[in-house]
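Taking it in order: structure first as structure tokens, then the write-up.
Lettering of chains follows the sequences in order, A, B, ..., and the numbering in each one begins at 1. Please read all numbers here as calculations on a predicted model, not as lab measurements.
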2 protein chains.
Amino acid sequence: MSSAERLIESTRELLWERGYTGTSPKEIQRRAGAGQGSMYHHFAGKPDLALAAINRTAEEMRAKAEAGFTVPGTAMERITGYLRRERDVLKGCPIGRLTQDPEVMADPGLRAPVEQTLSWLRDRIAEVLEEGRERGELAPGLDPRTTAATVVAVLQGGYVLARAAESTAPFEQAITGVLDLLAAHTSRPAAG
Amino acid sequence: MSSAERLIESTRELLWERGYTGTSPKEIQRRAGAGQGSMYHHFAGKPDLALAAINRTAEEMRAKAEAGFTVPGTAMERITGYLRRERDVLKGCPIGRLTQDPEVMADPGLRAPVEQTLSWLRDRIAEVLEEGRERGELAPGLDPRTTAATVVAVLQGGYVLARAAESTAPFEQAITGVLDLLAAHTSRPAAG
DNA sequence: GTCTATAACGTGATAGAC
DNA sequence: GTCTATCACGTTATAGAC
């Protein structure tokens, strides 16, 4: 792996673990096994390197989510599969956590991928729910857009509760709770 | 207001806006209109001052929540009142945001009030839901503890979505979505 | 491309005058 | 109690050798 590559990967890890404000170029270099000169040769500075790291993480997050949504099955099964997917719960969402970083949110370039990724996720879940409604799997009274916002919020908030408790239990409970609530709005035409 | 008091209040604001890692003693002093000497006279250092600030914020958060839960009404009305309460949505939750701060979570003294406050909130909401179930307002199939975790997660996650979008809209949608889902599990003995 | 040296500035804290 | 001076260290970057 090239120096530039190792620098990006180290930055991704540190942004996840410590956020943008809490991450220094020095620590990035140390973890990447690269010197100052190498970093400033490949990247203009900390914001430039962070942008590369955030863009890659955002892309990866979309790909993982999309893989879950594209599988066959009812809307409820696809949402369940997405929510129950294996996750590093105690580390939280690498994109969602950046919303708490004032320096990220103050920089339009760094904020854009964060905004777009979470916006895309809500839209995508709303589409899945809309498809389920069209197929008669979901109650017509269920609004796809508000429900999608709720699903994404439970996920993001579940991470917060897990980190606070230093336990995955509240995350699992939050997911189970919203799936139980959703289940009451489903009918299963195939299974009767 | 005394210097010590102004220092605590400035710290509370800065922890909310910038987090612990992103807040320097110098900035706290500037905002409080106090010098270095004053701060280090009243507090042992940054962690000590932050602890005082976090404890006060945690206390305030509990008091506000409790005020919402103590009002008369059905469980659904009390939960709705709590979730619909006026909030500084784009600033997010002053306690929840600390879960993303690695330095806070690494310090047991600072972490404790964060953990206890969110744990208390889940317990308190579970109690309200349990009361509703006992009164026949809520479906017996609804588990109070998992549902409470979902409610708190929607709130915490709603803040994340709002900050990402720089808009309160996704927060409102997430709240509306979970209340709609909950509504399907309620019966209103009084209203028929 | 990668290294080391240097620098201007900020951080978190201490010391001691007043 | 509050002030200013000072300090060791870290941050973010630039310069220039190799």
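- On the nucleic acid side, DNA chain C contacts chain A at distances under 4.0 Å to non-hydrogen atoms, with the end points of that region at dG1(C) to dT4(C).
- At its two ends the helix from dG1(C)-dC18(D) to dC18(C)-dG1(D) runs along axes set 0° apart, each axis drawn from five pairs and the angle rounded to 10°.
- For the contact set between residues 26-53 of chain B and DNA chain C, defined by any heavy atom under 4.0 Å, the members are Lys26(B), Gln36(B), Tyr40(B), Gly45(B), Lys46(B).
- A cation-pi contact, defined as under 6.0 Å to the ring centre and within 45° of the axis, links Arg87(A) to Tyr82(A).
- A salt bridge between Glu27(A) and Arg18(A) is absent, with no side-chain N of the basic residue lying under 4.0 Å from a carboxylate O of the acidic one.
- Ionic pairing of Arg111(A) and Glu166(B) is present here: one or more N-O contacts between side-chain nitrogen and carboxylate oxygen are shorter than 4.0 angstrom.
- The environment of Lys91(A) atom NZ is dense: over 12 non-hydrogen atoms of other residues, nucleotides or ligands sit within 6.0 angstrom.
- The cluster map of Ile, Leu, Val, Met, Phe, Trp and Tyr, joined by side-chain heavy atoms under 4.5 Å apart, puts Ile95(A) and Leu161(A) in the same cluster.
- Using a cut-off of 4.0 Å between Lys/Arg side-chain N and Asp/Glu carboxylate O, Glu9(B) and Arg31(B) are scored as not salt-bridged.
- Stacking of Lys46(B) on the aromatic ring of Tyr20(B) is recorded, both the 6.0 Å distance cut-off and the 45° axial limit being met.
- Residues Glu131(B) and Arg135(B) are paired through a salt bridge, judged by an N-O separation under 4.0 Å between the basic side chain and the carboxylate.
- Cluster annotation: Val160(B) is not connected to Trp16(B) through the hydrophobic network of ILVMFWY side chains, with a link wherever side-chain heavy atoms come within less than 4.5 Å.
- Between Ser24(A) and dT11(D) there is a side-chain polar atom (N or O) within less than 4.0 angstrom of OP1 or OP2.
- Taking the charged nitrogens against the carboxylate oxygens, Glu59(B) and Arg56(B) have no contact shorter than 4.0 Å, which rules out a salt bridge.
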